[in-house]
Amino acid sequence: MTGFSPGTAAVNSLVDIDGTFLNFATEAYIGEVEATITSRITGQRLQIQVPNNAVSGVIKVVTEQGKEAVSQQSLTVTYPIPTVTTALPATADVNSIINIIGTDLVGVTGVNFGGTAGTIEFQEEQALVVRVPNNVGFVDVVLTYLTASGEASIVAATNFEVILPQPTIGGFPAVLTRDNEVIVTGQDMNLITDGDVDRNTCHN
């Protein structure tokens, strides 16, 4: 191992390691904490992700044969506090996508809507793309993030309204046959949890 960059990295961010024969590395550590190898770019470079519980320390890579390479310098691990710099929309439909813009968002571990977790679809330092969960009503949007002593949270928005749109049926077969699959099309169909067929419309 000849070096790594950057020398200071936030938790959950990526660090590039330079050296030789790095394509044989199977494990990586920051101090005593194992880090995930996210990419083997070339035999001279690989990427690792700073794990949630990492502290500052040297980087070590290990091959399948147990050979080790240790960095001369220590990686400084930080736990920055995320900030939201752009106001969220006032409302959003269930299962729709919202963008959260800010700084140091890579350390965010969850986005909750009134206590119900949204799905983080994309994450980087300055942006989060989140799918809104089914928790209809006016809720607070809360970001949870990592600190050196555990998780903490900040409020990204208050009185955010989650709306459940009304599904609409666009079309279905004119004739239905018993025990055969029926495809029904329309809008917001992913919100339907149950369905029924009038027996009078079903033909053997």
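Values below: every heavy atom of this structure, side chains too, minus hydrogens, waters and symmetry copies. All residue numbers in this chain count up from 1 along the given sequence.
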What about [X] and [Y], same hydrophobic cluster or not, with Ile/Leu/Val/Met/Phe/Trp/Tyr joined at side-chain heavy-atom distances under 4.5 Å?
X: Leu128; Y: Leu146; value: no
X: Val111; Y: Phe138; value: no
X: Tyr29; Y: Ile59; value: no
X: Val61; Y: Val33; value: no
X: Tyr145; Y: Val142; value: no

Side chain to side chain contact (heavy atoms under 4.5 Å, CB included) evaluation trace for Glu125 with Asp104: CA-CA 5 Å; Glu125 287 285 348; Asp104 296 314; 3.8 Å; yes
Ile81 atom CD1, neighbour heavy-atom count above 12 within 6.0 Å: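 No, the 6.0 Å shell around CD1 holds no more than 12 heavy atoms from other groups.
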Donor-acceptor contact below 3.5 Å, side chain Thr42 vs main chain Gln44: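 Yes; at least one donor-acceptor contact below 3.5 Å.
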Once rounded to the nearest 0.5 Å, what's the spacing between atom [atom1] of [X] and atom [atom2] of [Y]?
X: Ile41; Y: Ile17; atom1: CD1; atom2: CD1; answer: 10.0 Å
X: Ile98; Y: Leu88; atom1: CD1; atom2: CG; answer: 4.5 Å
X: Ile48; Y: Phe4; atom1: CD1; atom2: CZ; answer: 8.5 Å
X: Thr109; Y: Asn12; atom1: OG1; atom2: CG; answer: 8.0 Å

